[in-house]
Amino acid sequence: MLQVEEGQCGLCTHFGENEPDEEPKLIQIRTDHTAPESLIEKCGLPEHAALDLRVTAVSGCSGYTPAETLNA
C-alpha cells in the first residue's frame with residue numbers, strides 16, 4: 001500500500017471523478033490516506049481532458065483541488 005499525502009492525486013477531487021463506479025474505492029483512499037500500488041485512475045481535471053491522463057494515487061500536479069471531506 002502507498003501512503004497518500006495532501007497535494008497528491010489520491011486526495012484530489014479530479015482523481016477518478018468521471019468514473020462513478022469507483023466512488024467507494026476513492027472514498028476509502030480519502031478516508032485512510034492509503035492506496036494500492038497498482039491503482040491507476042483517470043484524471044478528470046478539465047485542462048488534462050485532451051491528454052486522457054491516467055495517474056496513480058501518489059502522482060500530483062499544479063491543478064490539485066482537495067476532495068471534499070466526508071463526515072463519517
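Remember, it's a predicted structure, so these values are computed and weren't measured experimentally.
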*Asks:* Find the distance between NE2 (H48) and NE2 (H14) and round it off to the nearest 0.5 Å.
*Replies:* 9.0 Å
*Asks:* Between side-chain atoms of residues 53-63 and protein atoms elsewhere (two or more places apart, or another chain), which donor-acceptor pairs fall under 3.5 Å?
*Replies:*
| residue | atom | partner | partner atom | Å |
| --- | --- | --- | --- | --- |
| R54 | NH2 | D52 | OD1 | 3.4 |
| R54 | NH2 | D52 | OD2 | 3.3 |
| T56 | OG1 | V58 | N | 3.4 |
| T56 | OG1 | S59 | N | 3.3 |
| T56 | OG1 | S59 | OG | 2.9 |
| S59 | OG | T56 | N | 3.2 |
| S59 | OG | T56 | O | 3.4 |

*Asks:* Hey, what do you get for CD (E17) to SG (C12), rounding to the nearest 0.5 Å?
*Replies:* 7.5 Å
*Asks:* Would you mind reporting whether E41 and E22 have side-chain heavy atoms less than 4.5 Å apart?
*Replies:* yes
*Asks:* For residues Y64 and Q8, is any side-chain donor paired with an opposing acceptor at under 3.5 Å?
*Replies:* no
*Asks:* Please walk me through it: do N18 and K42 pass side chain to side chain contact (heavy atoms under 4.5 Å, CB included)?
*Replies:* CA-CA 8 Å; N18 296 320; K42 187 171 182 174; 5.7 Å; no
*Asks:* Which heavy atom of L11 sits nearest to which heavy atom of R30, and what is that distance?
*Replies:* CD2-CA, 3.7 Å
*Asks:* Any side-chain heavy atom of L39 within less than 4.5 Å of one from I29?
*Replies:* yes
*Asks:* With hydrophobic residues grouped by side-chain heavy-atom distances under 4.5 Å, do F15 and L45 end up in a single group?
*Replies:* no
*Asks:* To check you understand the geometry: which heavy-atom pair defines the closest contact between L26 and G16, and what is its length?
*Replies:* CD1-O, 3.7 Å
*Asks:* Looking at Q3, I want to see if its CD is surrounded by more than 12 non-hydrogen atoms of other residues, nucleotides or ligands under 6.0 Å.
*Replies:* yes
